[in-house]
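Counting starts at 1 for both ligands and their atoms, in listed order. Residue numbers run from 1 in the order of the sequence given. These numbers come from the heavy atoms of this one structure, side chains and all, not from hydrogens, waters or symmetry mates. Since the model is a prediction, treat every value here as computed from it, not as a measurement.
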Amino acid sequence: MTEQIFIPKAYKNTIEKGSYTWSSPSNIALVKYWGKKEHQIPENPSISFTLNECKTITKLSFSKKEDNTGFSFEVFLDNEKKDDFKPKIETFFKRIESYLPFLKTYHFKIETSNTFPHSSGIASSASGMSALALCLMSIEKALNPDITNEDFIQKTSFLARLGSGSACRSLEGDLVVWGKHDEIDRSSDLFGVKYPFEVHQNFKNYNDTILLVDKGEKQVSSTVGHNLMHNHPFAKERFKQAHSNLSTLINVFKTGDLKAFIEIVESEALTLHAMMMTSMPHFILMKPNTLEIINKIWNFRHKTGSNVCFTLDAGANVHVLYPENETEIVLEFIKNELVAFCQKGEYINDKIGFGAKLL
Ligand code: DP6
């Protein structure tokens, strides 16, 4: 399959104006996407839990304009005009223009808000770009109503990827794979697909409590971060490791082996940070409190036999992952021992979710 299949045939309908609102979640990677080639093609396959509470809600209003010369849009975050969001959206529009030929024929008003605080250090690019891609695809569906639900999701994921790689994993629940993997038939570098195999009851309603260790702006932009993998001395091994970790996870999901799950998930998080620490230039994105939390989690697990574990994004915040049947005991542990290491004691209780919704 190539990108060509996403170039639409002539549209059947014409529409003057309208609006669509979508809510789209964030996701947390278990096997990390870190390193990409040109055109947002990942260097390795990744898999993520779709989240339930951390979402972006985007309303896209559109009206036909006189000329078709350039992109015309305005962006609002929480009702406030946000011109500093425009370059990223302009780049996104340029990348997807050939797949959505109507883009230059409308003026767009993009009104967006997040259910999580903007300055929480939680990346909003996955939920934000997927919500915008969904709104744009709703326009395409109105212009061409024959598009099937399956094709709608696939093309939306394809477009979202061109906005932000991880965004292509945010449309459906509850586990999504992005990137070609030998054992996952329909997996693709071009879009995310719902994880197609058996998932043990142990992983249903899995919890993710996000501890906000550092709510500041990202120290390393994702583009800079991914580029660090070019000519990285350990890149080849790392990309191979992601393939084998995903292979192992297939069996883990089937059997419900939580101990094996923890091993892989924590190793993936630490490897992501190890890659950053061993690249040129190098970065340490963990903070002292990140390490305090990791050690507390290890001690707690050792003492109690709990199946709580952690994962990290490209930042200092810690995602604490634990099965549904440990909700009470782990929440108690978080309140008693971990909240002290969060900035202003802030954290967000989230869990596996079911994907994006048209509102
Ligand atoms: C560490 O999707 O934000 O969260 O494609 O440049 O927008 P761009 O990168 P982005 O990278 C996410 C990296 C990660 C791991 C992951 O989500 O798999």
Side-chain angles (χ1 to χ4, degrees), residues 24-51 54 56 85 87-89 91-92 94-96 114 116 120-133 157-171 175-179 181 187 189-192 195 208 210 214 217-230 232 238-239 241-243 245-246 249 264-277 279 283-286 290 310-319 321 350:
S24 190
S26 184
N27 65 74
I28 180 69
L30 304 170
V31 172
K32 307 289 179 182
Y33 149 55
W34 196 243
K36 61 179 166 183
K37 304 176 212 172
E38 254 195 310
H39 308 299
Q40 298 280 103
I41 298 299
E43 290 277 12
N44 63 261
S46 57
I47 186 166
S48 51
F49 277 152
T50 307
L51 295 181
C54 291
T56 296
F85 282 15
K88 195 154 186 204
I89 294 173
T91 305
F92 178 46
K94 276 189 199 138
R95 286 184 190 161
I96 63 172
N114 296 321
F116 48 90
S120 57
I122 297 182
S124 56
S125 68
S127 52
M129 283 298 174
S130 54
L132 182 55
S157 178
F158 170 82
L159 297 174
R161 185 197 99 239
L162 293 168
S164 176
S166 54
C168 79
R169 297 189 312 237
S170 267
L171 307 170
L175 273 168
V176 177
V177 178
W178 168 42
H181 187 273
S187 61
D189 286 346
L190 299 180
F191 45 80
Y195 179 72
D208 178 4
I210 308 163
D214 181 14
E217 282 284 307
K218 271 202 203 170
Q219 248 186 61
V220 185
S221 78
S222 64
T223 310
V224 171
H226 288 286
N227 282 341
L228 296 175
M229 291 307 279
H230 295 145
H232 190 294
R238 159 60 197 153
F239 302 144
Q241 180 200 40
H243 282 267
N245 279 345
L246 186 44
L249 272 186
I264 290 181
V265 167
E266 291 190 347
S267 163
E268 276 289 322
L270 294 176
T271 302
L272 169 70
H273 283 254
M275 289 300 111
M276 283 184 258
M277 287 192 240
S279 55
F283 296 94
I284 301 182
L285 299 187
M286 288 189 256
T290 312
F310 71 87
T311 188
L312 306 165
D313 267 339
N317 295 337
V318 182
H319 288 251
L321 302 177
D350 210 331

Below 4.5 Å, heavy atoms only, C-beta onward: do Phe116 and Ile210 meet side chain to side chain? no
Pick one: which of Pro25, Ser127, Ser125 meets side-chain contact (heavy atoms from CB on, under 4.5 Å) with Thr56? Ser127
Strictly under 4.0 angstrom, heavy-atom based: which residues surround ligand 1? Ala29, Lys32, Tyr33, Trp34, Lys36, Gln40, Ser125, Ser164, Gly165, Ser166, Arg169, Ser222, His226, Leu272, Asp313, Ala314
Let me confirm one number: the CD1-CG distance from Ile264 to Leu249, rounded to the nearest 0.5 Å. 4.0 Å
Does any part of the side chain of Gln40, heavy atoms only, come nearer than 4.5 Å to the side chain of Cys168, both counted from C-beta? no
N/O donor to acceptor pairs below 3.5 angstrom from side-chain atoms of residues 28-35, sequence neighbours left out:
{"residue": "Lys32", "atom": "NZ", "partner": "Ala29", "partner atom": "O", "Å": "2.8"}
{"residue": "Lys32", "atom": "NZ", "partner": "Thr311", "partner atom": "OG1", "Å": "2.9"}
{"residue": "Lys32", "atom": "NZ", "partner": "Leu312", "partner atom": "O", "Å": "2.7"}

Residue pair Phe49 / Asp208, side-chain heavy-atom distance below 4.5 Å: no
